[in-house]
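Just the heavy atoms: all of them, side chains too, but no hydrogens, waters or symmetry mates, feed the values below. Labels below follow one simple rule: chain letters A, B, ... track the order of the sequence lines, proteins then strands, and each chain is numbered from 1.
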Amino acid sequence: MNVRTRFAPSPTGYLHIGGARTALFSWLYARKTGGTFILRIEDTDRERSTQESVDAILQGMEWLQLEHDAGPFYQTHRFDRYKEVIQQLLDTGHAYHCYCSKDELEQMRETQMARKEKPRYDGRCLGRTDVPEGIAPVIRFRNPQDGAVEFDDLVRGKITVSNKELDDLIIARSDGTPTYNLTVVVDDIDMQITHVIRGDDHINNTPRQINIMRALGCEPPKFAHVPMILGADGQRLSKRHGAVSVMQYRDEGFTPQALLNYLVRLGWSNGDQEIFSRAEMIDLFSLEAINRAPSAFSPDKLLWLNQHYLKTLPVEELESQLQWHLQAQNLDVSSGPALADMINAQRERAKTLVEMVAISRYFYEDFAAYDETAVQKQFKPETADTLQAVHAELAALVDWKAEPIHAAIHAACEKLGLKLGKVGPPLRVAVTGSTSSPSLEITLELVGRERVLARILRAVGFIRSLPAAG
RNA sequence: GACCCUAUCGUCUAGAGGCCUAGGACACGACCCUUUCACGGUUGUAACCGGGGUUCGAAUCCCCGUAGGGUCGCCA
């Protein structure tokens, strides 16, 4: 059997973390089995679906590189087909017109709730033969009255729901447009979906969908309902509650590799393994290993993974990911060290790409001011002479490379009779404006001879201009 | 309220009856490394929701509670 999975978002917002994970699982399963991954846009709600959302979802999928093999298919392009199926259901007695008004239905719900019953349509229009004037009817699916629907969920096992719990749901609105439960069924059949992998908020829809499929004479696909993702506070993640767009993670400096790795470990595991390349994910993934309990999103762990990828990803990969951030933070790197050198110097010091850019500015442009506490701690009156001596030593250097720079600094220390601890820190502040940077010699090499020498002199002048501390 | 689902450290999880005095990871603490910031290394704190069964033996199986989540739309 050729596996076919699909990701079927409704374009009423961006692609968020939860959606991205179900997309990832569907994609992984298709890749793992050599199957086909289909992207379907469920845009039957004309009121709320927008092109911007479609674009945002597509952009998110592309950033994560969850490439689809077919689609995107738009449900709004398939209305003729849905009409056909609805007619078929009508013809075979599996569906009927309902003329109840919204008020009437609302009242029904209220009285049922008042009686502490599960609110459900009571089927009062079933078998109705008159055709009231001036009312545009909806069409309801005639759900079986007896028995139960049973299906074997690939992550949860057997799930049974009595047909008594299911009412006759609306499959076509009064304006004739089809509703969700009808369109999913038709599409999953037509697209020959073999495995429906989706959030477990759909678990309760599944029995209804199975009934519709059977009414259509089709065998339902296999289902795998993956648990929801909770916010860091344990509350469900939703558009209203902490669910941010995957693109926001790009903006905040996360790599898609880290996000994917984080997402795959949320609710799925392979023993104690934490780090997964795409190839490993595909190789090791299985629906059976998906956890049944919902899991909370941990920003800290994502950050840790991101740093891991910053440390280990090929430089070229980071170079290309960095481009967007350089633009966003408006840093021109044309007049400084090669990006690759900067990355290698900073990759162990940054948790995000945003941070990497932020802590690397001094390589490419002069800083406006020294860090205040750094000045207090490192710039003493006598530091001016120290720096002057270091300047002399460095100015004499012909080969501006880390090793000779290292040697020159040590030579200066010796001449001054000072330990490196007295010379290094102020030098660092002079050259970078702050107390943290890669190792001194690397930093100086990358900042470049001219800039280093100028900055040392600038610091000397700055220190001499400071009011004597007394 | 009814129905469905779930339940191991703060968090992500390992665990498919004895290998568990419950393992790993993140976060947190301590120590080591160190010219700063980091990286890294070592180490520590910390969990089987409760109660009944089944069994020689239960984190693992069953039941009942409890708690959390989901669904009950002319949304998807």
Glycosidic class, syn or anti, of B:rC28 using a 90° window around 0: anti
Please classify the nucleic acid contact of [X] as base, sugar-phosphate, or nothing, using heavy-atom distances under 4.0 Å.
| X | value |
| --- | --- |
| A:His202 | base |
| A:Ser295 | sugar-phosphate |
| A:Pro9 | nothing |
| A:Gly267 | sugar-phosphate |

Mind listing the N/O atom pairs, protein and nucleotides 41-50 of chain B, below 3.5 Å?
none

The nucleotide from B:rC12, B:rC74, B:rG40 with an atom nearest the side chain of A:Glu274 is B:rC12
Under the rule for salt bridge (Lys or Arg N to Asp or Glu O under 4.0 Å), what residues qualify as partners of A:Arg109, not counting sequence neighbours? A:Glu106
Stacked cation flag A:Arg40 on A:Phe7, 6.0 angstrom / 45 deg: no
So is A:Arg46 actually on top of A:Tyr74's ring, under 6.0 Å and inside 45° of the axis? no
Pairs under 3.5 Å (N/O, protein and nucleotides 2-7 of chain B):
unit_1	atom_1	unit_2	atom_2	d
B:rC3	O4'	A:Glu165	OE1	3.4
B:rC5	O2'	A:Arg156	NH1	2.2

Residue pairs fulfilling ring pair (Phe, Tyr, Trp, His ring centres under 6.0 Å) with at least one residue in residues 253-276 of chain A, sequence neighbours excluded: A:Tyr249-A:Phe254, A:Tyr262-A:Phe297, A:Trp268-A:Phe276, A:Trp268-A:Phe285
Protein-nucleic acid N or O pairs under 3.5 Å, nucleotides 26-29 of chain B:
unit_1	atom_1	unit_2	atom_2	d
B:rC26	OP1	A:Trp304	NE1	3.4
B:rC26	O2'	A:Lys301	N	3.3

Please report the distance, rounded to the nearest Å, between CG in A:Asp188 and P in B:rA76. 15 Å
May I have the distance from A:Asp272 (atom CG) to B:rG24 (atom C1'), rounded to whole angstrom? 4 Å
If a protein heavy atom is under 4.0 Å from the base, mark B; if only from the sugar-phosphate, S; if neither, -; do that for nucleotides 15-21 of chain B going 5' to 3'. -------
Would a line drawn from the ring center of A:Phe151 to the ring center of A:Phe223 be shorter than 6.0 Å? yes
